[in-house]
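Starting from 1, each residue takes its place in the sequence as its number. All ligand and atom numbering here is 1-based and tracks the order in the structure. Predicted, not measured: the structure shown is a model, and the values here were computed from it.
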Amino acid sequence: MSDTLKFTQSIINGYNTKGDFILLGSAILNNVPQKEAQVKLPLSTLNRHGLIAGATGTGKTVTLQVIAENMCAKGIPVLMMDLKGDLSGIAKSGTLNPKIEERHQLIGIPYVANATSVEFLTLSKESGAKLRATVSEFGAVLFSKILNLNDTQSGIVSVLFKYADDKQLPLLDLKDFKSLLNFSLNEGKAELQKSYGNISSASVGTILRAVVELESQGADEFFGERSFEVTDLVKLDAYGRGIASIIRLTDIQDKPKLFSTFMLCLLAEIYQTFPEAGDIDKPKLCVFIDEAHLLFKEASQALLDQIEAIIKLIRSKGVGIYFCTQNPYDIPEAVLSQLGLKIQHALRAFTEKDRKAIKKTAENYPISEFYKTDELLTSIGIGQALVTGLSEKGIPTPLAATHLRAPMSRIGTLSTDEIQQIVSTSQLVAKYNEVLDRESAFEILNKKLQSIQEEEPEEKTPKKTVKEEKSTIEKLSENTMVRQVGRTVVREVTRGLLGVLGIGSKRKKGWF
Ligand SMILES: Nc1ncnc2c1ncn2[C@@H]1O[C@H](COP(=O)(O)OP(=O)(O)O)[C@@H](O)[C@H]1O
Ligand SMILES: [Mg+2]
């Protein structure tokens with residue numbers, strides 16, 4: 001048997017599927033795509049996570065787009081973190097040009113132009129459905145992490161969250177949390193001290209400054225209501241195709257901490273909301289994180305541990321997570337070892353360090369009798385990549401240098417008008433962009449202060465006892481609060497989950 005035949009046969013066998021699949025392209029031998037050697041990803045393995053890596057300009061984002069749009073076409077909703085704005089093109093049909101025509105002739109499949117239904121979401125002021133979470137939902141642990149607090153300060157945050165829970169003071173936005181901080185320094189000091197131990201003003205001052213800094217990063221847009229329901233991420237369009245939810249994050253590049261915390265919160269909420277999926281024909285949802293190094297940059301070890309734990313667990317919910325980054329080593333080893341699909345675009349060897357990284361990368365791919373992997377890594381072209389995935393039986397598929405298909409949708413960004421047009425007809429935008437500022441800690445505490453001032457015009461009045469103090473708050477919150485019981489339960493469970501995952505706050509003696 002000739003080498004070419006042997007190669008083609010090994011790819012056909014290795015990538016054989018019983019169930020439905022996504023076709024990525026054709027495997028290359030000696031620089032020529034072999035039309036019969038189709039590289040397929042079985043839908044049933046797509047919750048096993050993946051990585052798309054490679055140097056800038058080698059085709060990572062387009063590969064992400066190809067996989068995401070084909071998932072949608074197969075009825076799998078996707079969620080995409082768009083850090084550069086170049087994923088929006090998925091919403092419009094692509095156009096055939098000579099290059100794409102040639103590409104598809106080489107692969108041996110016809111080019112089809114098609115658009116995917118999308119929803120644009122935003123964490124900031126960009127247009128799209130506002131993705132928000134309340135401070136309470138974040139939980140004390142995560143909230144302290146995002147503020148970069150030390151153990152003592154985190155302990156105080158936990159106390160304040162607990163106090164707000166006990167007193168039914170909704171902590172919706174940063175304004176609420178700030179007023180609670182102020183309250184703990186002034187009118188609430190005695191009461192908090194009695195129930196939870198001493199709270200140092202210096203620490204509260206530090207927390208307050210951290211909150212103000214977070215606000216200045218634009219986080220006040222993110223904290224508040226209406227809380228986003230993750231079930232809105234798993235919608236199908238009128239044709240039964242998955243909807244692509246694109247989170248527009250172009251303005252978050254310089255705020256990696258906000259990004260990683262937000263991602264973790266989102267994944268934790270997905271994990272907690274979705275039922276166990278068992279064996280699946282196809283995933284319930286796939287999440288794509290472009291420029292994923294930002295997720296791990298500056299993330300503390302505790303946050304990394306948590307991301308790792310969630311990634312391990314979320315698979316059983318039928319959710320796949322795909323990281324897209326330049327260097328595979330941008331992704332922590334523990335996360336890398338969990339990824340079923342690896343797509344490696346070309347790497348550039350400028351320095352000794354680069355060459356070492358290439359060798360190491362090559363060693364992490366299955367050995368192939370047909371390839372010199374390290375050489376291929378620097379020589380494959382744009383829109384080509386080394387692929388290894390999982391068969392339906394969970395066995396790694398043979399290494400295939402793949403000539404990838406072109407996206408059905410547009411390569412590149414949508415214009416502002418095009419985005420606006422989609423946003424203006426979005427049902428999610430209608431649901432989430434209504435301004436809500438229901439009565440929460442800020443208003444309740446303000447009212448309380450007012451009533452104290454009215455009742456006690458002179459200092460003569462004896463100080464209220466702690467007992468009376470409590471009842472004032474309770475009275476004030478009783479009628480004004482409409483508690484979202486469902487969400488509160490979710491929140492508690494999520495917090496519990498985050499605790500279970502090993503980063504429960506370090507509680508100091510005497511606080512609880
Ligand atoms: N599969 C593909 N089909 C067609 N063109 C591609 C493909 N992959 C890459 N390209 C071309 O290469 C360019 C750069 O790809 P891109 O995905 O933006 O690179 P990266 O994300 O790695 O920086 C694209 O704009 C497109 O013109
Ligand atoms: Mg890119």
Side-chain angles (χ1 to χ4, degrees), residues 22-28 33 35 38-41 50-71 73 78 80-116 244 246-250 252-253 259 288-295 297 322-331 341-348 354 357-358 361 377-387 400-414:
I22 286 173
L23 178 62
L24 276 189
S26 295
I28 305 165
K35 291 182 180 145
Q38 293 195 328
V39 177
K40 305 166 181 173
L41 309 177
L51 169 74
I52 304 167
T56 304
T58 53
K60 297 182 298 296
T61 302
V62 172
T63 301
L64 187 163
Q65 187 176 347
V66 165
I67 297 178
E69 68 179 9
N70 279 284
M71 284 178 174
V78 303
M80 302 198 281
M81 310 293 143
D82 192 3
L83 284 110
K84 285 196 171 158
D86 49 0
L87 292 176
S88 55
I90 197 169
K92 296 281 173 196
S93 272
T95 35
L96 191 58
N97 63 35
K99 269 186 165 171
I100 290 181
E101 190 157 17
E102 187 198 344
R103 178 175 285 273
H104 274 254
Q105 255 163 21
L106 283 170
I107 303 172
I109 55 169
Y111 177 77
V112 182
N114 212 340
T116 300
I246 301 176
I247 308 190
R248 308 182 63 215
L249 294 166
T250 40
I252 210 161
Q253 302 242 17
F259 179 52
F288 291 87
I289 307 172
D290 200 4
E291 306 291 331
H293 59 278
L294 289 177
L295 177 59
K297 190 169 126 189
Y322 292 77
F323 300 96
C324 193
T325 193
Q326 288 190 20
N327 189 330
Y329 300 103
D330 293 338
I331 314 278
L341 173 67
K342 283 187 275 181
I343 300 183
Q344 178 68 56
H345 285 268
L347 286 170
R348 306 277 174 246
D354 292 342
I358 288 167
T361 306
L377 276 175
T378 51
S379 63
I380 48 175
I382 292 169
Q384 299 184 331
L386 291 173
V387 176
T402 307
H403 203 68
L404 297 155
R405 68 194 289 179
M408 302 182 273
S409 50
R410 183 194 296 176
I411 295 175
T413 56
L414 259 55

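- Here the protein heavy atom with the shortest distance to atom 4 (C) of ligand 1 is R103 NE, 3.5 Å.
- Taking the side chain as every heavy atom from C-beta outward, L24 and I343 approach each other to under 4.5 Å.
- Of all atoms in ligand 1, listed by their number and element, those nearer than 4.0 Å to a heavy atom of K60 are 17 (O), 19 (O), 20 (P), 21 (O), 22 (O), 23 (O).
- In this structure the side chain of F288 never reaches within 4.5 angstrom of the side chain of L87, judged on heavy atoms.
- Ligand 1 has T56 within reach: a non-hydrogen atom of the residue lies less than 4.0 Å from it.
- Taking any N or O of P407, backbone or side chain, none lies under 3.5 Å from an N or O belonging to ligand 1.
- Backbone and side-chain nitrogen or oxygen atoms of G57 are examined, and one is located within less than 3.5 angstrom of a nitrogen or oxygen of ligand 1.
- The distance from the NZ atom of K342 to the CG atom of L386 is 11.0 Å, given to the nearest 0.5 Å.
- Residue contacts to the Mg ion (ligand 2): T56 brings no N, O or S atom closer than 2.8 Å.
- Residue G383 has at least one heavy-atom neighbour below 4.0 Å for each of these atoms of ligand 1: 7 (C), 8 (N).
- Protein heavy atom nearest atom 15 (O) of ligand 1, with residue, atom name and distance: G59 CA, 3.5 Å.
- Polar contact check, D86 against ligand 1: no nitrogen or oxygen pair lies under 3.5 Å apart.
- Near A55, meaning under 4.0 Å from any of its heavy atoms, are these atoms of ligand 1: 22 (O).
- Judged purely by atom type and a 3.5 angstrom limit, R405 has no side-chain atom pairing as donor or acceptor with the backbone of I107.
- Within ligand 1, the atoms closer than 4.0 Å to a non-hydrogen atom of I382 are 9 (C), 10 (N), 11 (C), 12 (O), numbered from 1 in the order shown.
- The protein heavy-atom contact nearest to atom 21 (O) of ligand 1 is T61 OG1, 2.7 Å.
- The protein atom (non-hydrogen) at minimum distance from atom 7 (C) of ligand 1 is V62 CG1, 3.4 Å.
- Of the inter-residue distances, the one linking R103 atom CZ with I382 atom CD1 reads 9.0 Å to the nearest 0.5 angstrom.
- Ligand 1 has a nitrogen or oxygen under 3.5 angstrom from a nitrogen or oxygen of R405.
- Among all non-hydrogen protein atoms, the one lying nearest atom 27 (O) of ligand 1 is I411 CG2, 4.4 Å.
- One finds the CD1 atom of I22 at 5.5 Å from the CG atom of N70 (value rounded to the nearest 0.5 Å).
- Remark: the T61 side chain and the D290 side chain contain an N/O donor-acceptor pair separated by less than 3.5 Å.
- With contacts defined as side-chain heavy-atom distances shorter than 4.5 Å, the pair S26/L106 does not qualify.
- Put simply, CD1 on I90 and CE on M80 are 3.5 Å apart, with the number rounded to the nearest 0.5 Å.
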